[in-house]
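First the structure, in the form of structure tokens, and then the observations on it.
Residue indices begin at 1 and follow the sequence shown.
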Amino acid sequence: MSASRQSRRLFIGQVGGVLGWAGLAALGAAGAAGPAGAQSIGLPNIAPRAKRAISLFMSGAPPQMDLLDYKPGLAALFDADLPDSVRGSQILTGMTAGQSRFPIAPSYWKFAQYGASGRWVSDLLPWTSRMIDELTLIHTVNTDAINHEPAILLMNTGNMVPGKPSLGAWLSFGLGNMNENLPAFVVLNSRLIAGADNQPIAPRLWGSGFLSSEHAGVAFRSQGDPVLYLNDPAGLSHDMRKKLVEGINAVNQLTYQEFGDPETHARIKQYEMAFRMQTSVPELTNTGKEPQSTWDLYGEDARVPGTFAYNCLLARRMAERGVRFTQIYQRGWDVHKNVVGNLPKLCAATDRGCYALVTDLKRRGLLDDTLVIWGGEFGRTVYSQGGLTKDNYGRDHHPRCFTMWLAGGGAKLGYSHGQTDEFSYNIVADGVHVRDLNATVLHLLGIDHEKLTFRFQGLDQKLTGVIPAKIVTELLA
């Protein structure tokens, strides 16, 4: 590289530091999306059932046999040893591999049948039971990972190795944006639940990997300004800031023309998006004009920024405004112990919000083209981790089968897919690997998963990876 080019880069870096725009640049690096269709690669390539998607991610892994995979025969097997034939040659986590016994822990809660579909739902989910006929239950989701980090990466990026694009980034890359004033991909992290075991999550779960950084998720904060550095700093007028952004982008444009670095182009788009978000984000997050019927539906928790219910309300408002993919995280589901103490708190924090979101989307005519996805990174064991009593137990990680649900966006109403054994331990029929689930989600959004690719490291990279994945047609309406 010539000295003139080096000095020019140094000059640009110094100017950025003097102007004090590091904060806004950091927002750009976090990945605000560009204008409508800016990076779309010509998709959808099949008829889409959904235009947008909302992921309700229960980080830590909900116990399927306590919520939606009813196993009535377990009650008679309290404290009996799980047969070796059921466990087979499975490698267990280090947390239970050393246990001398694997005592069966039936669910503490009662189940009842609901809706025209007559499906069984735990007492812990009274709001979900009201909308059970709207849901597609998938009882046989399975994964390759038994520990949180690789499992949550696989679920969110299609790969257990960090550095791959997330589902939302792929959708931004493939379909572009529907609103030039908001990011294509927004992430909402819900408040922690007191006493729950909160596994950490990190931006790599909503990152863009080898795709342009403009496709990464933009994480909104639950306290203070939703996005940092959007407000004009003291002493700088809005018009002056606009001129400043235009000046920086003019220099960035010259740099892009000279070096052709796609990240310079992405930074231009991110500065432009950040400036437009000064107006769009306050309007989006101002829920003060919502009618009383909204609060009657979502509950009073929805008035508190950062709660799961509040984030569900924001997700509806984002769907109305054309955000392509919204992902809500609720941590705390890692119930290795004290299931009876913690699970009711987790369900109380999330159940009504899930119901309200699906119901609200339906009332507003948005559910038909909005796909809602609920679930965690794996399931939990039927045997107890640690001590077992009639009043409490723990559950370890379980990758072989777990339950997720879909709503709207072309998913089949009131349908239950797959069957697990009487212990909710092994799949008996119709397994759905995480790769298959991702292929099906892309299909509902109008994308052939084999054709959504990006050349990197000599490979046509895909969300579904190199191992064959299939569309689960039974899940489609």
Side-chain angles (χ1 to χ4, degrees), residues 57-71 73-75 77-109 122 124 138-155 160 193 195-201 330-347 375-404 420-428 431 433-434:
F57 198 85
M58 306 295 111
S59 183
Q64 70 278 6
M65 70 289 294
D66 288 309
L67 300 177
L68 293 165
D69 195 15
Y70 181 45
K71 299 299 176 184
L74 293 178
L77 298 175
F78 173 81
D79 201 31
D81 290 322
L82 181 68
D84 291 342
S85 60
V86 174
R87 202 159 39 87
S89 59
Q90 181 187 21
I91 298 176
L92 306 180
T93 72
M95 293 168 284
T96 57
Q99 288 189 186
S100 59
R101 296 183 61 226
F102 298 94
I104 292 172
S107 180
Y108 181 81
W109 294 275
S122 169
L124 287 170
I138 314 170
H139 292 299
T140 51
V141 185
N142 58 94
T143 182
D144 299 330
I146 198 170
N147 287 314
H148 292 287
E149 185 65 13
I152 198 170
L153 278 168
L154 182 60
M155 183 61 74
M160 291 188 283
I193 306 299
D197 190 350
N198 296 293
Q199 281 290 324
I201 55 176
Q330 179 62 68
R331 294 157 62 189
W333 294 89
D334 193 22
V335 287
H336 288 282
K337 59 185 178 180
N338 194 24
V339 172
V340 175
N342 284 330
L343 199 55
K345 293 187 290 187
L346 290 158
C347 292
E377 63 267 39
F378 42 60
R380 314 299 302 197
T381 57
V382 69
Y383 63 78
S384 181
Q385 176 179 344
L388 170 64
T389 69
K390 286 283 187 179
D391 297 322
N392 219 336
Y393 47 88
R395 297 201 189 276
D396 200 5
H397 307 168
H398 189 61
R400 289 187 181 181
C401 60
F402 56 104
T403 299
M404 296 183 64
T420 59
D421 62 18
E422 62 268 37
F423 303 100
S424 193
Y425 206 91
N426 294 302
I427 293 172
V428 174
H433 192 274
V434 170

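- Remark: A61 pairs with E377, F378, R380 by the side chain to side chain contact (heavy atoms under 4.5 Å, CB included) rule, at least two apart or across chains.
- Residues I146 and I91 fail the side-chain proximity criterion, which asks for heavy atoms closer than 4.5 Å.
- The side chain to side chain contact (heavy atoms under 4.5 Å, CB included) check on D421 picks up V86, F423, Y425, N426, V428, with sequence neighbours excluded.
- Taking the side chain as every heavy atom from C-beta outward, R395 and T381 approach each other to under 4.5 Å.
- With Q64 contributing its side chain and S424 its backbone, the two residues share a donor-acceptor pair below 3.5 Å.
- If you take CG on D84 and OG on S89, they are separated by 11.5 Å, rounding to the nearest 0.5 Å.
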Test L74 against I104 for side-chain contact (heavy atoms from CB on, under 4.5 Å), laying out the working first.
CA-CA 8 Å; L74 293 178; I104 292 172; 4.0 Å; yes

Walk me through it: do V382 and L82 pass the test side-chain contact (heavy atoms from CB on, under 4.5 Å)?
CA-CA 8 Å; V382 69; L82 181 68; 3.9 Å; yes

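- Residues P344 and W109 form a side-chain contact, since some pair of their non-hydrogen atoms from C-beta on lies under 4.5 Å apart.
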Apply the test side-chain contact (heavy atoms from CB on, under 4.5 Å) to residues F102 and L92: give CA-CA distance (whole Å), side-chain angles for both, the deciding distance (0.1 Å), then the verdict.
CA-CA 11 Å; F102 298 94; L92 306 180; 3.4 Å; yes

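- Judged by distance alone, the side chain of S384 and the main-chain N or O of P103 form no donor-acceptor pair under 3.5 Å.
- Within the model, atoms CD of E149 and CD1 of I201 stand 10.5 Å from one another, a figure rounded to the nearest 0.5 Å.
- Here the side chain of R400 pairs a donor or acceptor atom with the backbone of R87 at under 3.5 angstrom.
- Between M58 and L346 there is no side-chain heavy-atom pair separated by less than 4.5 Å.
- Here the side chain of Y393 pairs a donor or acceptor atom with the backbone of Y108 at under 3.5 angstrom.
- In this structure, H433 and D144 have side chains that are in contact, with non-hydrogen atoms separated by less than 4.5 Å.
- Between V340 and D391, every side-chain heavy-atom pair lies at or beyond the 4.5 Å cut-off.
- For the residue pair D197 and H336, no side-chain donor N or O sits within less than 3.5 Å of a side-chain acceptor on the partner.
- Put simply, the side chain of K71 reaches to within 4.5 Å of the side chain of T420, judged on heavy atoms.
- With hydrogens and angles disregarded, no donor-acceptor distance shorter than 3.5 Å links the side chain of N147 to the backbone of A145.
- At least one side-chain heavy atom of P399 sits under 4.5 Å from a side-chain heavy atom of Q90.
- Taking NE2 of H398 as the start and CE of M65 as the end, the distance is 7.0 Å to the nearest 0.5 Å.
- L68 contributes atom CG, which lies 11.5 Å from atom CD1 of I138 (distance to the nearest 0.5 angstrom).
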For a side-chain contact (heavy atoms from CB on, under 4.5 Å) check, start with the C-alpha distance between H148 and H397, then their side-chain angles and the critical distance, and finish with the verdict.
CA-CA 8 Å; H148 292 287; H397 307 168; 2.9 Å; yes

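- Remark: T403 OG1 to D66 CG distance equals 11.0 Å, nearest 0.5 Å.
- Judged by distance alone, the side chain of Q199 and the main-chain N or O of R331 form no donor-acceptor pair under 3.5 Å.
- When only modelled atom types and interatomic distance are considered, D396 and T96 share a side-chain donor-acceptor pair under 3.5 Å.
- When all heavy atoms of G376 and F57 are compared, the pair lying nearest together is C-CZ, 3.9 Å.
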